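From a predicted model like this one, the values you see are computed outputs, not experimental measurements. In listed order, ligands and their atoms are each counted from 1.
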Amino acid sequence: MNTRALAANVLNQVVEQGVSLSQALPAAQQELSPKDKALVQVLCYGVLRTLPRLDFFCRSLMKKPLTGKQRNMHFLILVGIYQLLYTRIPSHAAVGETVNGAKALKKQALKGMVNGVLRNFLREQDSLIEQADQQDTLRYCHPGWLVKRLQNAYGKEIAASIMNENNHQAPMWLRVNARHHSRENYQKLLNDVELSSIVAEDTDNSNALCLEKATDVYKLPGFEQGWVSVQDGAAQLAAHYLDAQPGELILDACSAPGGKTVHTLELQPQLKQMVAVDADAKRLVRVQENLDRLQLKATVIHGDAAQPNSWWKGEQFDRILCDAPCSATGVIRRHPDIRWLRRDSDIAELVSLQKRILDALWAKLKPGGVLLYATCSILPDENEQQITSFLQNTPDASIIALSEQCNPGEKGRQLLPNESGMDGFYYAKLQKSL
Ligand SMILES: C[S@@+](CC[C@H](N)C(=O)[O-])C[C@H]1O[C@@H](n2cnc3c(N)ncnc32)[C@H](O)[C@@H]1O
């Protein structure tokens with residue numbers, strides 16, 4: 001097993017065949033030692049974070065691009081350049097192991113070519129880097145359409161800082177299960193096993209801790225007993241903003257893998273019922289797994305949130321969480337493939353799906369009830385603009401403050417990934433008139 005060849009194959013699948021990294025990577029990591037597993041992960045994440053830059057270097061150093069059956073060799077070269085530029089692997093080892101990767105990919109005859117390109121890169125890197133820094137897509141390593149959308153939404157400076165943040169690894173956030181421990185108690189338990197953590201800045205985010213250094217979940221005290229879960233700080237705000245009350249009927253309409261369903265149940269043990277719906281049957285299995293690990297109960301339904309009449313039991317909900325399908329542009333740090341798998345044209349389609357879901361769910365909300373709209377997007381089309389147009393078209397809807405702690409003037413809230421260590425997210429809380 002040559003780790004560089006394995007990484008090249010994963011990258012080929014993601015970039016050329018549109019397979020998601022979360023699907024392609026685990027399949028390639030089977031049977032690897034923990035050390036090799038970690039290396040393949042670093043190489044795949046790293047190359048996807050810097051793809052257009054590495055592509056540019058490779059193209060500049062070759063007379064013609066590698067295509068067809070030789071395409072995986074293109075990705076092997078990118079893996080090689082990535083190691084030379086962004087890792088501490090000594091250059092002779094990086095070049096040697098990458099060249100051996102050609103043999104593992106059954107392209108023995110191309111070993112010399114790979115060696116030559118990598119050595120030329122070492123010689124010419126300064127001038128190539130200077131050229132790359134002159135183009136926005138190469139400098140920020142985001143597709144041109146997304147650079148433009150972010151610059152239009154936030155201006156050049158903030159967009160640059162968001163994109164730089166997207167190119168870094170996200171921190172590991174924990175959600176302490178309020179049914180077992182206070183956050184302060186759990187922080188002490190973490191200290192006992194030499195894991196340092198920081199409390200979330202936001203006062204609403206009362207269960208959130210950010211680890212200073214990521215760790216294996218099984219090293220977390222009481223992970224298997226459900227004392228703690230891994231969930232980004234921004235995602236944890238959903239259950240606090242939803243603020244479910246005793247005796248209520250709650251719908252989590254796009255629930256899989258269930259992070260927000262279980263958090264809501266952790267916070268409010270006296271619900272009448274929690275209904276967790278999702279359109280993806282495979283992802284719904286993870287909702288049940290999460291419920292089981294945490295020993296919580298919900299009614300899990302495979303259904304389309306845009307067509308609730310096919311699964312709705314006839315009683316309107318007190319509160320609805322609509323964590324809508326979205327561009328996921330707020331979580332690029334965690335899923336570096338998103339920016340290459342998404343297309344500009346996806347955004348309009350997503351906006352229209354979100355609208356259909358919102359309209360359909362609104363009819364299933366009690367008068368006086370609350371709907372929390374959430375996305376892990378940082379594009380205004382899916383967020384403020386979506387909610388503004390919903391409010392214009394829905395006379396019995398008004399937007400209310402997300403929590404008592406929130407400034408009443410701040411209605412919807414756009415969190416950006418460059419602000420507080422948390423993912424990019426959007427929240428808006430809507431109330432139906434009595
Ligand atoms: C952002 S994810 C939800 C994350 C989840 N709320 C959590 O915290 O773990 C969006 C979910 O919407 C689901 N989805 C997409 N279209 C849907 C539809 N029409 N009806 C219901 N669920 C849908 C996807 O399968 C996906 O699981």
Side-chain angles (χ1 to χ4, degrees), residues 20 22-23 173-175 177 205 207-208 229-242 244 250-267 274-294 296 298-312 317 319-335 338 341-342 346-347 349-364 371-379 382-383 386 415 417 422-428:
S20 74
S22 55
Q23 229 182 309
W173 284 85
L174 303 180
R175 185 187 77 237
N177 186 344
N205 226 349
N207 313 113
S229 301
V230 177
Q231 187 180 36
D232 184 79
Q236 291 188 43
L237 285 167
H240 296 291
Y241 290 159
L242 187 65
I250 308 284
L251 170 66
D252 185 354
C254 302
S255 63
K260 301 181 185 78
T261 316
V262 289
H263 190 197
T264 303
L265 287 162
E266 284 173 3
L267 289 179
M274 162 65 85
V275 179
V277 170
D278 202 280
D280 185 329
K282 276 199 200 134
R283 283 170 64 88
L284 264 183
V285 174
R286 299 210 22 227
V287 178
Q288 195 56 58
E289 285 169 2
N290 265 319
L291 288 163
D292 293 345
R293 182 177 70 88
L294 297 162
L296 297 166
T299 306
V300 178
I301 299 178
H302 179 214
D304 183 347
Q307 296 190 31
N309 286 339
S310 58
W311 49 263
W312 184 53
F317 296 95
R319 287 172 208 253
I320 297 178
L321 171 60
C322 172
D323 188 15
C326 70
S327 62
T329 39
V331 292
I332 286 176
R333 297 182 306 175
R334 297 184 191 280
H335 305 281
I338 286 172
L341 298 176
R342 284 258 172 277
D346 294 345
I347 307 304
E349 278 175 33
L350 284 163
V351 169
S352 130
L353 173 62
Q354 291 152 359
K355 179 181 171 358
R356 277 188 282 123
I357 291 179
L358 259 175
D359 289 340
L361 293 178
W362 193 251
K364 306 305 176 203
L371 183 148
L372 182 68
Y373 177 76
T375 73
C376 56
S377 162
I378 53 172
L379 300 178
E382 300 176 84
N383 299 338
Q386 180 71 270
L415 293 115
M422 304 198 288
D423 284 343
F425 245 84
Y426 176 78
Y427 287 108

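Nearest non-hydrogen protein atom to atom 20 (N) of ligand 1 is Ala305 N, 2.8 Å. Of all protein heavy atoms, the one lying nearest to atom 16 (N) of ligand 1 is Pro325 CG, 3.6 Å. If you check which protein heavy atom lies closest to atom 24 (C) of ligand 1, you get Asp278 OD1, 3.5 Å. Atom 12 (O) of ligand 1 has as its closest protein heavy atom Cys254 CB, 3.3 Å. The protein heavy atom nearest to atom 23 (C) of ligand 1 is Ala279 CB, 3.7 Å. The protein heavy atom nearest to atom 10 (C) of ligand 1 is Asp323 O, 3.6 Å.
The closest side-chain heavy-atom distance from Pro417 to Ile332 is not below 4.5 Å. Leu291 is listed as a side-chain neighbour of Val300, based on a closest heavy-atom distance under 4.5 Å. Between Val262 and Ser229 the shortest side-chain heavy-atom distance does not fall below 4.5 Å. Between Asn207 and Gln231, the closest side-chain pair of non-hydrogen atoms is not below 4.5 Å.
Contact atoms of ligand 1 toward Asp304: 18 (C), 19 (N), 20 (N) (distance under 4.0 Å to a heavy atom of the residue). If you number the atoms of ligand 1 from 1 as listed, the ones under 4.0 Å from a heavy atom of Asp280 come out as 25 (O). Residue Arg283 has at least one heavy-atom neighbour below 4.0 Å for each of these atoms of ligand 1: 2 (S), 25 (O), 26 (C), 27 (O). Taking every heavy atom of Gly303 and a limit of under 4.0 angstrom, the matching atoms of ligand 1 come to 20 (N), 21 (C).
Of the possible polar contacts, none joining the Tyr426 side chain to the Ser377 backbone as a donor-acceptor pair under 3.5 Å is found. Judged by distance alone, the side chain of His302 and the main-chain N or O of Ala279 form a donor-acceptor pair under 3.5 Å. At distances below 3.5 Å, at least one donor-acceptor pair connects side-chain atoms of Trp311 with backbone N or O atoms of Asp304. A donor-acceptor pair is defined here as one N or O able to donate and one able to accept, closer than 3.5 Å; such a pair exists between the side chain of Asn205 and the backbone of Gly233. When atom types are taken as modelled, the side chain of Asn290 and the backbone of Pro257 share a donor-acceptor pair closer than 3.5 angstrom.
Ring planes of His263 and His240: perpendicular class, angle over 60° (limits at 30 and 60°).
Between the side chains of Glu382 and Ser327, at least one donor N or O lies within less than 3.5 Å of an accepting N or O.
For a threshold of 3.5 Å applied to N or O pairs, the pair formed by Gly259 and ligand 1 contains at least one separation below that value. Taking distance alone, with nitrogen or oxygen atoms compared against 3.5 Å, Lys260 approaches ligand 1 more closely than that limit. Between Ala256 and ligand 1, a contact under 3.5 Å exists for at least one N or O pair.
Contact annotation: for Ala328 versus ligand 1, there are no heavy atoms closer than 4.0 Å. When non-hydrogen atoms are compared, ligand 1 lies under 4.0 Å from neither the backbone nor the side chain of Ala238.
Assignment of Gly258 to the shell around ligand 1 is supported, since a heavy atom sits closer than 4.0 Å. Pro257 counts as a contact of ligand 1, since one of its heavy atoms falls under 4.0 Å from the ligand.
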